[in-house]
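Notes to accompany the following structure.
Below, chain A is the first sequence line, B the second, and so on; all start at residue 1.
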2 protein chains.
Amino acid sequence: MRRVSSPRIPHADPSAQRAECAEPADRPRRRNRTVQRERLLEMLRSTDTHPTAADLFEGLRGEFPRLSLGTVYRNLEVLVCEGTVEQVPSQSGVMRYDGNPQPHHHFVCDACGDIRDLDIQLPSALTTRLQRRYKLRADRVRVDFFGLCETCSDRDS
Amino acid sequence: MRRVSSPRIPHADPSAQRAECAEPADRPRRRNRTVQRERLLEMLRSTDTHPTAADLFEGLRGEFPRLSLGTVYRNLEVLVCEGTVEQVPSQSGVMRYDGNPQPHHHFVCDACGDIRDLDIQLPSALTTRLQRRYKLRADRVRVDFFGLCETCSDRDS
DNA sequence: ATTTCTGCAAAAATTTTGCACCTTG
DNA sequence: CAAGGTGCAAAATTTTTGCAGAAAT
C-alpha cells in the first residue's frame with residue numbers, strides 16, 4: 001500500500017510584520033532630521049491616494065533630482081517603524097503607504113484600484129465578540145470595502 | 001519668485017484588480033482539467049493557513065517532482081479569475097491565497113504573520129451607511145483584525 | 001568626531017512570460 | 001487536430017543591501 005499522508009503546507013512568513021523594527025533597548029537609536037524624510041512625510045500627509053514607493057519617488061524627483069528609490073524605501077521603513085505611517089498591502093501586490101494618522105477604513109475600487117479613506121466607525125461589540133469567541137485580542141482593525149468607485153461605475157453604464 | 005506648486009503624486013495602479021480576467025465575451029475560453037490545477041485547489045481547500053505560491057509549490061513538489069513555479073502562478077490566476085480562490089495581500093507584501101469560499105474575515109498576528117479565519121458577521125448597517133454617506137456601493141467587505149495570536153502572546157509574557 | 005543618511009549600483013525576492021513540447025477534449 | 005497546459009529558463013517588477021562619501025548632531 002502506498003497511500004501517503006497529504007503533503008504539509010509549510011507556513012513561513014518571509015517577514016513577520018515589523019520584526020525588523022526592534023531596537024536594542026539599551027542604546028536607543030538616534031535619528032537625524034533630513035529634508036528627504038521630512039518632505040516624504042509631508043507628501044504622504046497631503047494626499048489620500050495611498051501612493052506606492054514609486055509614486056512618492058516620482059513626486060519628489062522634482063525637488064531632489066538625485067533622489068534614489070533606495071532612500072525612499074529606507075525612509076518609509078523608518079516612518080512605518082515609528083508608527084507615523086502605515087503600510088497598506090494592495091490587491092495588486094504593490095505596497096502602498098498611508099500617512100493618515102486617524103484610524104480609518106478603506107474603499108477599494110475593483111476596476112481602477114484606487115483606495116479611498118472612509119470615516120466610518122466599527123461597532124466595538126465586534127472586538128469584544130472576537131475576544132470571547134476566539135480568545136483573540138485585537139488592537140487594530142482594518143476594514144476594506146470593495147466595489148466600483150463612482151467614476152468607474154459611471155464609465156461602465 | 002520661484003515657488004512651484006507642490007509636486008503631483010501620480011497614481012497608477014500597476015494592475016487594476018482582475019482586469020486581466022476579462023474574456024472575449026463572444027468566444028468563451030474553454031478550460032481543460034489538469035491534475036496540477038485540481039491538486040492545487042484541493043490543497044488550498046484543505047488548509048486555512050493562506051499559503052503563498054511558494055508554499056503551494058513546496059507542498060506539491062512531492063507529488064509533481066517536475067512542477068514549476070510558473071505553473072503554480074498560472075493556475076492560481078485561473079482560480080482567482082474563476083472566483084474559486086481569493087487573493088489575500090499580506091502585510092509582508094507576499095501574496096497569499098485563500099481557498100475558503102465562505103465569506104469570512106481574518107485575524108492577523110503582528111508577530112508571526114499568521115492569518116486565521118474568523119466566522120464573524122459584520123452588521124449590514126455598515127454597508128448601508130457607506131452607501132448613504134459616500135454614495136459608494138460595496139459588494140464585498142474584508143475585515144482584518146490585528147494583534148498577537150495566542151502562541152506569540154504566550155511567548156512574550 | 002561619531003553616528004546616521006544618501007546616492008548609486010548590485011543583489012535578492014517575487015511574479016510574469018516566451019517557447020517548444022505534451023495533454024485534453 | 002485544435003486549444004489549452006506544462007516545464008524550463010529568461011525577463012520584468014518590486015524591494016533590499018553594501019559601500020563610499022556627505023550630512024547632522
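- Per the geometry, CG belonging to B/Asn75 stands 14 Å off C1' belonging to C/dT16, to the nearest Å.
- Between B/Ala53 and A/Ser68, it is A/Ser68 whose nearest contact on DNA chain C lies nearer the 5' terminus.
- Computed from coordinates, the B/Glu77 CD to D/dT6 P distance equals 12 Å when rounded to whole Å.
- Whole-Å rounding puts the A/Asp55 CG to D/dT14 C1' distance at 13 Å.
- Of the charged side-chain nitrogens involved, none lies within less than 4.0 Å of a carboxylate oxygen, so that A/Arg74 and A/Glu77 do not count as a salt-bridged pair.
- Remark: the A/His50 side chain and the A/Asp55 side chain contain no N/O donor-acceptor pair separated by less than 3.5 Å.
- The sulfur atoms (SG) of A/Cys21 and A/Cys81 lie less than 2.5 Å from each other.
- Taking only side-chain nitrogens and oxygens, A/Tyr73 never comes nearer than 4.0 Å to OP1 or OP2 of D/dT16.
- Whole-Å rounding puts the A/Arg96 CZ to D/dT14 C1' distance at 13 Å.
- Rounded to a whole Å, the CZ atom of B/Phe64 is 15 Å from the P atom of D/dG5.
- Protein atom CG of A/Leu67 is 15 Å distant from nucleotide atom C1' of C/dA9, rounded to whole Å.
- Between B/Gln36 and C/dT23 there is no side-chain polar atom (N or O) within less than 4.0 angstrom of OP1 or OP2.
- The CD atom of B/Glu63 sits 12 Å away from the P atom of D/dG7 (whole-angstrom rounding).
- Transitive grouping of hydrophobic side chains (ILVMFWY, heavy atoms separated by less than 4.5 Å) keeps A/Val78 and A/Phe64 in distinct clusters.
- Atom CG of B/Leu69 and atom C1' of D/dG5 are 16 Å apart (whole Å).
- Distances shorter than 4.0 Å separate some side-chain N or O of B/Arg37 from OP1 or OP2 on D/dG5.
- Look at B/Glu82 and B/Arg37 and you find no salt bridge, because none of the NZ, NE, NH1 or NH2 atoms lies under 4.0 Å from a carboxylate O.
- Heavy atoms from other residues, nucleotides or ligands lying under 6.0 Å from CZ of B/Arg61 number 12 at most.
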List, with names and distances, any nitrogen or oxygen atoms from the protein found under 3.5 Å away from nitrogen or oxygen atoms belonging to nucleotides 19-25 of chain D.
unit_1 : atom_1 : unit_2  : atom_2 : d
D/dT25 : OP1    : A/Arg33 : N      : 3.3

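- With a 4.5 Å cut-off on side-chain heavy atoms, A/Phe145 and A/Leu118 count as touching.
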